[in-house]
Amino acid sequence: MKTIKLTIAAAAALILGLASCKKEETTTPTPVATGNGSVSIELSHKFGMMNEQTLAIGLPVIHPMKGDTMTFSKFKYFISNVKFKKADGTYWTESESYHLVDLATAESLKLSFKDLPAGTYTQMEYTIGVDSARNVSGAQTGALSTTNDMYWDWNSGYIMLKAEGTYKDNKADKMFAFHLGGFSGANNIVTKRTIAFDGSNVLNVTKGNTSSISVQVNPGLLWHSAPSVKTLNMVHMPGAAAKLMALGESGMGFFTNPLYSFKLISIK
Amino acid sequence: MLLKIVLVGVILLTFSCKKEGKITPFSPTFTFNQPVNFPAPYYTFENNPLTKEGFELGRYLFYDPILSLDSSISCSSCHAQSHSFADHNIPFSKGVDKKIGTRNTPALMNLAWSTSFMWNGGVNHIEVQPLVPLTSTHELGESMINIVLKLNRSNFYRTKFKALYEMDEITDQHFLKVLAQFTAMLVSSNSRYDQYISGKINFTTQEVEGYALFKANCASCHREPLFTDYSFRNSGLESIIVDSGRYRVTQNPADLGKFKVPTLRNIEFTYPYMHDGKFMNLEQVIAFKSNGIKDSPTLDPLLKTPFAFTKIQQQALISFLKTLSDYNYTSNPLYAEPRR
């Protein structure tokens with residue numbers, strides 16, 4: 001009799017335990033299985049028609065089309081929802097995939113992804129900016145924390161890109177501040193992109209190793225369609241100007257340019 | 001032996017659930033008070049499970065001047081319970097460094113039903129609304145970085161937050177979520193109007209007349225039972241728009257001078273009225289609505305023809321509006337300043 005009671009009590013405890021923890025099982029990422037590797041993406045920021053100028057905080061650069069001499073004091077933007085597609089069509093999807101790239105912080109220029117199943121990957125999918133869902137879902141954390149100074153409180157939504165600094169206007173130093181955002185309707189600048197791994201650039205993830213993807217970023221494309229900073233030196237809300245800089249005319253903006261804005265250089 | 005096994009079970013249970021990030025609420029009976037005559041709320045505490053401890057923590061923060069730049073004011077300085085969480089009958093509120101705001105402080109109630117926040121609707125979620133008054137230089141004047149820093153330095157808050165969240169540091173997300181637990185729980189639904197609707201009391205003849213006038217003329221924008229339809233309208237305060245209102249958010253010229261339709265609940269306690277605090281009493285507001293509305297390109301179409309209420313009708317409307325006063329709300333100890 002006592003044994004039965006004990007068994008029932010133990011079973012009850014087990015069932016309770018299982019029931020109360022059910023949610024956890026579905027949200028916890030799969031533990032490291034054998035045969036997993038890592039991928040890192042290293043972003044190098046360049047300026048100029050031939051990517052010949054290095055873009056860094058405090059270093060003057062010259063815009064090849066507009067002729068403006070610009071010195072950046074701040075350059076930050078979001079990359080989110082990163083997925084890697086395998087040759088067999090399956091995806092590895094990063095959970096809570098929000099990265100704030102900040103030119104002032106070297107660590108932020110390298111995005112690290114761990115525990116990808118070994119194999120050949122054909123492409124990477126990602127978003128420049130923060131998807132609309134996170135713009136309408138209240139308080140967030142991590143890269144999306146309001147303490148990162150990338151959020152508009154008065155007109156709820158993330159600043160997808162922030163570029164600030166000075167430019168030369170008749171030898172005088174003047175300030176520019178571009179805060180680009182907009183996640184819905186006609187103002188939407190959130191852009192989904194892919195990088196194909198083909199030809200000489202094949203992404204093979206192997207057990208215990210890290211594959212390093214080098215990607216070149218050219219923020220000069222913000223001014224491909226937008227006028228000179230001497231004409232427009234400030235954008236601080238979603239709208240036509242933000243779209244012109246991020247998306248550009250005919251998809252030639254910084255977020256959209258298919259050839260030069262986020263260009264695959266090499267995979268090692 | 002039995003005790004031992006059950007104990008092991010309980011310990012296992014505790015351990016296995018630790019990764020969940022949040023502990024089980026201590027008071028599972030603490031729930032959102034859904035009034036029977038209200039629709040389902042817009043904010044459902046999704047991703048922010050309501051607990052008594054979370055609510056209490058939000059209440060402490062609402063009343064704590066630690067959130068302002070110089071520890072001089074709290075949320076409650078301009079949102080006083082006795083005034084249905086509006087300011088103390090002044091047109092514009094005073095922030096840090098004696099700076100004066102530009103719009104009348106809205107009363108806080110039934111926020112869980114609100115689809116947007118602020119007079120111009122610029123804020124899209126209850127959890128991120130506090131960012132505006134907290135960081136505005138004309139209000140609490142503080143930065144989110146400093147607020148997080150100050151909370152983490154406080155043993156009181158560290159202990160309280162640690163009891164709620166699996167965490168090393170208090171984040172802005174933790175802070176904003178508990179604040180939303182307090183503000184979303186601010187429910188006013190026990191006015192004489194509510195008692196009349198549920199058949200518990202009768203209205204006076206004048207109140208009945210006022211209610212009929214209200215339903216015929218006002219209820220399309222001040223929709224029952226929340227007494228707002230959450231839309232943005234130009235109510236005809238000025239012929240030349242001074243405050244662009246909703247336009248600042250949408251950049252649409254059709255939105256010039258439009259503001260969110262405010263709820264009329266507890267209106268007796270929340271004077272002065274309108275976004276600019278122009279009218280000191282209900283008599284002035286109803287007289288304005290009767291014959292004072294000014295035309296402009298964005299004036300609401302429903303206001304183009306003057307209501308031309310007679311003096312007797314105006315008095316009846318006012319007596320109806322006073323049935324919306326909820327004294328249980330303005331004196332509810334659940335919302336009062338907590339002891340520490």
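Predicted model only: the values in this text are computed from it and were never measured. To find a chain, count down the sequence lines: A is the first, B the second, and so on, and within it residues start at 1.
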S.K.: Is the NZ atom of A/Lys230 crowded by more than 12 outside heavy atoms at less than 6.0 Å?
M.R.: yes

S.K.: Supply the atom-to-atom distance A/Trp154 CH2 to B/Asn120 CG, rounded to the nearest 0.5 angstrom.
M.R.: 8.5 Å

S.K.: How long is the span from the CG atom in B/Asn48 to the OG atom in A/Ser137, to the nearest 0.5 Å?
M.R.: 12.5 Å

S.K.: For B/Val249, is it the side chain, the backbone, both, or neither that has a heavy atom closer than 4.5 Å to a heavy atom of chain A?
M.R.: both

S.K.: For the pair B/Asn124 (side chain) and A/Asn135 (backbone), establish whether a donor and an acceptor sit closer than 3.5 Å, ignoring hydrogens and angles.
M.R.: yes

S.K.: Can you tell me if NZ on B/Lys99 sees more than 12 non-hydrogen neighbours from other groups inside 6.0 Å?
M.R.: yes

S.K.: Please classify the contact of A/Asp149 with chain B as side chain, backbone, both or neither, using a heavy-atom distance under 4.5 Å.
M.R.: neither

S.K.: Using the side-chain contact (heavy atoms from CB on, under 4.5 Å) rule, pick out the option among B/Val128, B/Val123, B/Val132 that qualifies with A/Asp153.
M.R.: B/Val132

S.K.: Any donor-acceptor pair under 3.5 Å linking the side-chain atoms of A/Thr147 with those of B/Asp172?
M.R.: no

S.K.: Got a second to check how far B/Lys177's NZ is from A/Gln140's CD, nearest 0.5 Å?
M.R.: 6.5 Å

S.K.: Nearest 0.5 Å, what's the CZ-OG1 distance between B/Phe175 and A/Thr146?
M.R.: 9.0 Å

S.K.: Please determine whether the number of non-hydrogen atoms from other residues, nucleotides or ligands lying under 6.0 Å from atom OH of B/Tyr42 exceeds 12.
M.R.: no

S.K.: I need the B/Gln251 CD to A/Asn155 CG distance, nearest 0.5 Å.
M.R.: 9.0 Å

S.K.: Chain A: which of B/Gln173, B/Met144, B/His174, B/Glu127 shares the most heavy-atom pairs with it under 4.5 Å?
M.R.: B/Gln173

